[in-house]
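Right, one structure below, let's go through it.
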Amino acid sequence: MQENVSFFLNNIKENSNLNAFNFVFDDCIEQTSSIEQKIKNGSAGKLAGMVIAVKDVLAINQKPLTCSSNILRDFISIYTATAIQKLIDEDAIIIGKTNCDEFAMGSSNENSAFGTVLNPVDTSRVPGGSSGGSAAAVAADLCDASIGTDTGGSIRQPAAFCGIYGLKPTYGRVSRYGLTAFASSFDTVGPFARNVDDIALVLSVISGYDENDSTSFKTDVPNFVTNLHSRKKLRIGLPKEYFAEGLNEEIRNAIFEKVEFLKEQGFEIYEIELPHTEYSIATYYILTTAEASSNLARFDGVRYGFRSKEDNNLLNMYVNSRSEGFGSEVKRRIMLGTYVLSSGYYDAYYRKAQKVRRLLKQDFDKAFEKVDLILTPTTPTTAFKIGEKTSDPLEMYLGDIYTTSANLAGIPGINIPIGKDMQGLPIGMQVMSRQFDELSLLQFSQIFDR
Ligand code: GLN
């Protein structure tokens, strides 16, 4: 176990150019002897010795919690997020906090006060975002598994760009207590790993009701691990809106190759419709910026982290602390969100977007009457070059076209790595299921994991 931890600690140092970690906990190696002792006397937890990296938006007691933002640069957490406490209670070893887009806002990990993360597959390219550090850390073998968060694709998209598995659970499956809120009605916490077994294992540990999160659900957590290998003949739906113009040809071909394989395996494949898909990006960016503008109001220079030196009066202190502390993407979203919530625009944008959210959810409800799983690309392109989209925020947002719907509907989704394009860049396939049916996603993914 000690060799395993020191292997990862060395690998992190050797790959420091990737910039995957904001903080590395070198002293975590000291935990190995007590965990080994527990293994000897039969009291070790389910994750005994598993080395896990945690996105730097989740709280760990007495450790830095920066959200990759200058406004929280020196902030130390005074409690531990429920999902992370559950890992610790099962004897996982937390090796560090991973880099991400500031407050989880982004698709490329270029919006970080700690600098860009490089994609380990091709270091001239982005790892995806916002959980770019968590994805890169797993892809580069810097840990056994990692934890990310997904508000509009931030687990599935970086998993696709880095060629690994990443699962976004149902909204409410995993407690958000101790997760710094971006958009509270969208945010989810989930695992990255190099194989489905590890995804199932970590998910089974972090799932479950938490009295500290009123939006976590009181429902049984199936045993994802022991039920993983049972094979059900699931009905698969291909939504035609997800294969329309704009999808890279190599990705399309790779997915249809898998569809042929599934047919040979006896799966029933149906073409389905999700007719409101074209509104998902607009709806997502109205509602999440609205929620973000409200959630980020707490960073005012008084209660957390950074305070501007230019504070000759109270208002200046607020204004300057926020102006100096937040990066430009975060400011853009706070302004957008404030705008869509302001009087006169609330009905035109915010309320309308809430209604469209319901329509998008109904699309899925209808589709799931006919099929058990929905299969789509995860991203319209493979990993793009660093800097390619930074000057055009709208272009960046459009890359989230296939992932935001699952968050709008609250359903789970997984990225399955299914191959590489001609440049050697990973291609991802997304599978979505009914609320709380992560088990079907895992059982299905298992078919591709060899
Ligand atoms: N890329 C999306 C955004 O920028 C998703 C972010 C996320 O899931 N945290 O908002």
Side-chain angles (χ1 to χ4, degrees), residues 54-58 67-69 98-112 116-117 126-135 146-162 166-171 174 176 179-192 280-293 295-296 326-337 340 353 378-381 383-384 388-390 392-415 428 430 432:
V54 175
K55 185 178 183 179
D56 199 10
V57 292
L58 286 146
C67 302
S68 293
S69 179
T98 52
N99 200 340
C100 57
D101 283 298
E102 185 177 2
F103 286 102
M105 298 175 188
S107 311
S108 65
N109 218 125
E110 293 166 292
N111 305 329
S112 166
T116 302
V117 176
V126 303
S130 63
S131 314
S134 293
S146 65
I147 298 294
T149 63
D150 191 313
T151 303
S154 285
I155 291 176
R156 292 158 289 157
Q157 185 255 23
F161 279 10
C162 293
L167 185 142
K168 171 225 177 289
T170 308
Y171 180 81
V174 177
R176 292 184 296 113
L179 162 64
T180 314
F182 159 13
S184 313
S185 77
F186 292 75
D187 297 339
T188 56
V189 179
F192 289 95
S280 60
I281 295 273
T283 309
Y284 170 83
Y285 276 97
I286 288 172
L287 295 176
T288 56
T289 55
E291 292 187 22
S293 73
N295 276 324
L296 271 58
F326 288 135
S328 55
E329 180 61 25
V330 173
K331 286 182 204 165
R332 179 179 299 119
R333 297 203 190 196
I334 292 173
M335 288 189 277
L336 253 171
V340 301
T378 307
T379 55
T381 67
F384 47 88
E388 196 178 314
K389 298 190 184 184
T390 37
D392 188 349
L394 191 58
E395 184 62 26
M396 190 74 90
Y397 298 168
L398 289 174
D400 301 333
I401 176 102
Y402 304 133
T403 48
T404 52
S405 298
N407 303 76
L408 284 154
I411 61 174
I414 191 168
N415 176 70
Q430 173 177 237
M432 296 176 275

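Counting starts at 1 for both ligands and their atoms, following the listed order. Position 1 is the first residue of the sequence; numbering continues from there. Given the structure is predicted, the values throughout are model-derived calculations rather than measurements.
- For the residue pair Lys55 / Ser131, a side-chain donor-acceptor distance below 3.5 Å is found, with atom types taken as modelled.
- Ring orientation note: the planes of Tyr284 and Phe186 are nearly perpendicular, at an angle over 60° on the 30°/60° scale.
- Side-chain atoms of Arg176 and Tyr171, non-hydrogen and from C-beta on, do get closer than 4.5 Å to each other.
- Looking at heavy atoms from C-beta onward, Ser112 lies out of side-chain contact with Val117 at the 4.5 angstrom threshold.
- Ordered by chain and residue number, the residues placing a heavy atom less than 4.0 Å from ligand 1 are Ala104, Met105, Gly106, Ser107, Ser130, Asp150, Thr151, Gly152, Gly153, Ser154, Phe182, Tyr284, Tyr285, Arg333, Asp400.
- When all heavy atoms of Arg333 and Gly106 are compared, the closest pair comes out as NH2-N, 3.8 Å.
- Between Tyr285 and Leu336 there is no side-chain heavy-atom pair separated by less than 4.5 Å.
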